[in-house]
Participant: 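Here you go, one structure.
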Amino acid sequence: MSFEQINNEDSKRPEGRNCILIYGYNSEEISTIEKFSLDRGIDECVVVTDDMLGNKIEDIIDNNIIPVKYKTGVKSKTIVFNALSNKEVHSFINLFKDTELKKPIYAVATPTSVKWQFGELIKELIKERMSMSKH
């Protein structure tokens with residue numbers, strides 16, 4: 001996986017379902033995130049549950065969800081942005097601390113990552129976070 005600098009001035013939204021995918025939060029936290037997201041112009045919050053971890057991200061975004069068994073061990077609060085402008089992503093991340101919720105691992109759905117199972121994306125993001133914290 002690679003990192004790319006986000007141009008936080010780019011306000012052009014890419015094509016697709018304007019939403020965020022949320023994983024690892026309880027129902028009270030989800031309500032807070034949903035309100036926070038709607039206040040920022042994000043159309044939808046899609047809650048990813050444990051029985052969805054084996055689904056590809058594109059299938060979750062397209063609402064083609066089939067319960068798929070997935071090996072456990074990926075319990076990390078995660079928010080994946082889809083079809084948001086760079087400016088919206090930057091603003092969301094900067095202001096999220098105001099919710100007083102635990103900081104998640106953030107990712108942006110890309111043409112490559114949407115082909116991954118959601119659980120695999122989380123595992124990869126956890127590895128990257130650990131690698132970056134060592135440096």
Participant: Taking F118 as the starting point, is it possible to reach W116 by hopping between hydrophobic residues whose side chains are less than 4.5 Å apart?
Facilitator: yes
Participant: Roughly how far, to the nearest 0.5 Å, is the CD1 atom of I20 from the CD atom of E88?
Facilitator: 11.5 Å
Participant: Quick one: do M130 and K127 satisfy side chain to side chain contact (heavy atoms under 4.5 Å, CB included)? Show the steps, please.
Facilitator: CA-CA 5 Å; M130 289 172 51; K127 279 190 229 175; 5.9 Å; no
Participant: Carefully, step by step, assess Y25 and T32 under the rule side chain to side chain contact (heavy atoms under 4.5 Å, CB included).
Facilitator: CA-CA 10 Å; Y25 288 96; T32 300; over 6 Å; no
Participant: If we ignore hydrogens and angles and just use 3.5 Å, is the side chain of E29 paired with the main-chain N or O of N26 as donor and acceptor?
Facilitator: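 Checked: pair present.
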Participant: Between the side chains of N86 and H90, is a donor N or O closer than 3.5 angstrom to an acceptor N or O?
Facilitator: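 There is no such pair (donor and acceptor under 3.5 Å, judged by atom type) between the side chains of N86 and H90.
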Participant: For D50, which residues count as a side chain to side chain donor-acceptor pair (under 3.5 Å) partner, sequence neighbours excluded?
Facilitator: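 Side chain to side chain donor-acceptor pair (under 3.5 Å) check on D50 returns Y23, K75.
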Participant: Taking the side chain from T78 and the backbone from S76, do they hold a donor-acceptor pair closer than 3.5 Å?
Facilitator: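 Between the backbone of S76 and the side chain of T78 there is a qualifying donor-acceptor contact (under 3.5 Å).
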Participant: Between N18 (side chain) and A83 (backbone), is there a donor-acceptor pair under 3.5 Å?
Facilitator: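 Checking the backbone N and O of A83 against the side chain of N18, a donor-acceptor pair under 3.5 Å is found.
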Participant: Quick one: does N82's side chain have a donor or acceptor within less than 3.5 Å of a partner on R17's backbone?
Facilitator: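 Answer holds: yes.
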Participant: I would like to know whether L84 and R40 meet side chain to side chain contact (heavy atoms under 4.5 Å, CB included); could you show each step before the answer?
Facilitator: CA-CA 11 Å; L84 273 74; R40 277 157 196 80; over 6 Å; no
Participant: In sequence, state the C-alpha distance, the side-chain angles, and the governing distance for N63 and I65, and then conclude on side chain to side chain contact (heavy atoms under 4.5 Å, CB included).
Facilitator: CA-CA 6 Å; N63 209 23; I65 301 163; 3.8 Å; yes
Participant: Would you be so kind as to tabulate the donor-acceptor pairs closer than 3.5 Å made by side chains of residues 98-106, with sequence neighbours excluded?
Facilitator:
from: T99; atom 1: OG1; to: F96; atom 2: O; distance (Å): 2.7
from: T99; atom 1: OG1; to: L101; atom 2: N; distance (Å): 3.2

Participant: Check for a donor-acceptor pair, side chain of E120 on one end and backbone N or O of Q117 on the other, with a separation under 3.5 Å.
Facilitator: no
Participant: Can L38 be reached from I33 by stepping across I, L, V, M, F, W or Y side chains whose heavy atoms are under 4.5 Å apart?
Facilitator: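 No.
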Participant: Would you mind reporting whether D62 and I60 have side-chain heavy atoms less than 4.5 Å apart?
Facilitator: no
